[in-house]
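Since the structure comes first, as structure tokens, the remarks are kept for the end.
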Amino acid sequence: MDQLKKVYGLMVLLTLVKHTEPSTTAATPLTCSICETMPYPNLEHVKLLFTDLFTDNNDYSNLVFPHEDQLATIKVNMKFALYSIPEFDELGGTLSVIGRLKMAWFDHFVIEKYVPQKHVLEVLNIPQDDIWLPPITVFNSVESLTPVGHSGYEVTITLTNGYIQWEIGVVTKTGCTVVATDYPFDTQYCTISFTPWGYSSNEVAIQTDEDNINLEDFIENEEWAVMESSQEITVAANRSIISYHLTLKRRPVFFIVNMMVPIVLLGMLNSLCFVLPIDSGERVGFATNVFLTFAVYLTILSSELPVSNPLSIMSYYVAAMLSVSSITTLIAIFTIQVSIYDPNEKVPAILVYTVAFFTCRLCRKRYRKMGLHHQTFEKMPLDDAAAMDPVPSAQIEDEEEDEDSIEKYRFGVSWMVVGKTLDKFFFLLFSSGTIAVSGYYLVPLFLKLDTSIA
């Protein structure tokens, strides 16, 4: 309207200038009679508009379907902009969002009594309670199924054609099924659905001219990154539904540092109990503490994740490491019992040859001689057998076994040697086992690491 008035004024001014003769007399002020006759919108026009359209004789009602044909379909255009994700509760399976919902439709009753020459205004803002609104409801809300919007919002009416624009804020909590198999590198797919509650798809149909959610004003979440968004319009139970889909990916750095790294290090410490000297008396206590630590981490992990099927790979991993730790504790006790056997008690032949094979005693000259003369040692009293020295003492001064009693045993294999051999064997076994278990469970997880959001 303002532009139209300026154009009219300019046209009149050009006309006056063109047809005015030059004069030496005093200049007289130019007047614009057309501009003066055109009214400017003022408070009286607004009052008149409200009286004619919404007050007089109560012709307009916000309870009446705003179409002359009551069997017609009103098409509501919707746009959704996401501002932030305050919380994503994985245990409860709920997603809290803050956003803006913008809707537009045509109201045929608004323009029935509108007279441009009389009402002057073309656009008007009125409280939303004074006009018919589609009862848009968050269809998958976990709090309440009530229409969105607050009485404090306003709608913008284009009076020339009855075009209504309604823009409101949305703060809601929706349900979201959580699949935590790849935790903490998991990706979640959540949906926010809106529907005109109480109206069938033949009465109110939702449509949109956008392909995805507006994220221009989105504030990034510290734990979750929005990878992509989409939307689709469906009809379910004879109801028009628009669904906005969000793809959320967890930022894993916090969980790698505070969960995965300590568990891997604990797994490496688990096998070190076989390195501790038996005489220190700390072997069983060390293994038990590691076992309890794994149990604590498993409890923490189970409290962070929902009950889902399939279970989280991290849960399987911690449970496997807990099992390995329990077996380590049992074997540590067993190796202590073997090492403290009576040194005068005979070591079974099969165990002697097994230990001699793994320690390469069958290949070493000194121990081969002990194997050949073992019958002599067995027939002699222990004191006499101990006095025999089949090899120079200089060759055995660097050996780990007891120098005074090594010649008493076949291939020099005593219960103490058996215990030390078992310690070395189980240390290598559990170290390699820990690496294998960690690789089996963690490598597939780390392959899903997205460095762009880490």
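Being a predicted model, the structure only gives us computed values, none of them experimental.
- In the model, S431 has a side-chain atom that pairs as donor or acceptor with a side-chain atom of S271 under 3.5 Å.
- Side-chain contact annotation: H245 with Q231, donor-acceptor N/O pair under 3.5 Å absent.
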Margin query: Could you go through L215 and V226, starting from their C-alpha distance and side-chain angles, then the distance that decides it, and tell me whether this counts as side chain to side chain contact (heavy atoms under 4.5 Å, CB included)?
Written below: CA-CA 9 Å; L215 299 175; V226 178; 4.0 Å; yes
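- Under a 3.5 Å cut-off, the side chain of S325 and the backbone N or O of M321 do not form any donor-acceptor pair.
- The two residues N125 and E154 make their nearest non-hydrogen contact at CB-OE1, 3.5 Å.
- The two residues M103 and L101 have their closest heavy-atom pair at CE-CD2, 4.0 Å.
- For S432 (side chain) and L428 (main-chain N/O), a donor-acceptor pair under 3.5 Å exists by modelled atom type.
- No side-chain N or O of K173 forms a donor-acceptor pair with one of T94 less than 3.5 Å apart.
- No hydrogens or angles considered: nothing links the side chains of T187 and R250 as a donor-acceptor pair under 3.5 Å.
- The pair R283-D423 meets the salt-bridge criterion, since a charged nitrogen lies less than 4.0 angstrom from a carboxylate oxygen.
- A72 approaches F65 most closely through the heavy-atom pair O-CE2, 3.6 Å.
- A donor-acceptor pair under 3.5 Å is absent between the side-chain atoms of T247 and the main chain of Y189, judged by distance alone.
- Salt bridge E203/R239: absent, no basic N to carboxylate O contact under 4.0 Å.
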Would you please test F430 and I331 for side chain to side chain contact (heavy atoms under 4.5 Å, CB included) and show each step? CA-CA 11 Å; F430 282 97; I331 293 179; 3.4 Å; yes
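- N258 contributes a side-chain N or O that, together with a main-chain N or O of F254, makes up a donor-acceptor pair within less than 3.5 Å.
- Annotation: side chain of R100 is not in contact with side chain of K79 (no heavy-atom distance under 4.5 Å).
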Do any side-chain atoms of residues 144-151 form donor-acceptor pairs under 3.5 angstrom with protein atoms, and if so which ones, sequence neighbours left out?
{"residue": "S144", "atom": "OG", "partner": "T146", "partner atom": "OG1", "Å": "3.3"}
{"residue": "H150", "atom": "ND1", "partner": "G152", "partner atom": "N", "Å": "3.0"}

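- Atoms CZ and CG, from F291 and L330 in turn, are 9.0 Å apart once rounded to the nearest 0.5 Å.
- Shown here is Q70, whose CD atom has more than 12 heavy atoms of other residues, nucleotides or ligands within 6.0 Å.
- When each of V170, I219, I213, I98 is tested with L82 by the rule side chain to side chain contact (heavy atoms under 4.5 Å, CB included), just one qualifies, namely I213.
- Rounding to the nearest 0.5 Å places CG of L442 at 8.5 Å from CD1 of I263.
- Under the 4.5 Å side-chain criterion, counting only non-hydrogen atoms from C-beta, V324 is not in contact with F294.
- Across every non-hydrogen atom of S201 and V235, the tightest pair is OG-CG1, 3.8 Å.
- Using modelled atom types, one finds no donor on one side chain facing an acceptor on the other under 3.5 Å when comparing S230 with N212.
- With contacts defined as side-chain heavy-atom distances shorter than 4.5 Å, the pair F88/C176 qualifies.
- T158 pairs by the side-chain hydrogen bond (donor to acceptor under 3.5 Å, both in side chains) definition with nothing, not counting sequence neighbours.
- For the residue pair Y317 and S438, a side-chain donor N or O sits within less than 3.5 Å of a side-chain acceptor on the partner.
- In this structure, M259 and M314 have side chains that are in contact, with non-hydrogen atoms separated by less than 4.5 Å.
- In this structure, CD1 in I300 is found 12.0 Å from CG in L305, a value given to the nearest 0.5 Å.
- Of the possible polar contacts, one joining the D89 side chain to the G92 backbone as a donor-acceptor pair under 3.5 Å is found.
- Residues T73 and N202 have side chains that never bring a donor and an acceptor to within less than 3.5 angstrom of each other.
- Between Y163 and F106, the two ring planes are tilted [angle within 30° to 60°].
- When all heavy atoms of I233 and Q207 are compared, the pair lying nearest together is CD1-CA, 3.5 Å.
- K102 is not listed as a side-chain neighbour of N77, based on a closest heavy-atom distance of 4.5 Å or more.
- Ring centroids of Y183 and F255 are separated by less than 6.0 Å, placing the two rings close together.
- Looking only at distances, no side-chain donor or acceptor of D107 sits under 3.5 Å from a matching main-chain atom of G162.
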Original post:
Should E220 and I85 be marked as a side chain to side chain contact (heavy atoms under 4.5 Å, CB included) after you check the CA-CA gap, both sets of side-chain angles, and the distance that decides it?
Top reply: CA-CA 8 Å; E220 292 290 339; I85 300 177; over 6 Å; no
Worksheet entry | Residues W105, K75; criterion side chain to side chain contact (heavy atoms under 4.5 Å, CB included); working and verdict | CA-CA 6 Å; W105 65 94; K75 297 180 179 180; over 6 Å; no
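- In this structure, Y441 and Y316 have parallel ring planes: the angle between them is below the 30° cut-off, well short of the 60° mark.
- Taking each heavy atom of T191 and S193 in turn, the nearest pair found is CG2-OG, 3.5 Å.
- Looking at F446 and I256, their side chains come closer than 4.5 Å, going by heavy atoms from C-beta outward.
- A distance of 5.5 Å separates OG1 in T195 from CD1 in I206, rounded to the nearest 0.5 Å.
- For the pair V179 and D186, the minimum side-chain heavy-atom distance is 4.5 Å or more.
- The backbone N or O of P135 sits less than 3.5 Å from a side-chain atom of T137, completing a donor-acceptor pair.
- Ring orientation note: the planes of Y244 and F80 are tilted relative to one another, at an angle of 30° to 60°.
- Ring to ring, F194 and F139 are not that close: their centroids are 6.0 angstrom or more apart.
- A donor-acceptor pair under 3.5 Å is formed between the side chain of N62 and the backbone N or O of D129.
- Between the side chains of D130 and Q128, no donor N or O sits under 3.5 Å from an acceptor N or O.
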Check against salt bridge (charged side-chain N to carboxylate O under 4.0 Å, His left out), E222 and R251: CA-CA 8 Å; E222 295 180 353; R251 304 181 191 273; over 6 Å; no
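- For F218 and Y83, the distance between ring centers is not under 6.0 angstrom.
- Residues forming a side-chain hydrogen bond (donor to acceptor under 3.5 Å, both in side chains) with S141 (at least two apart in sequence, or on another chain): none.
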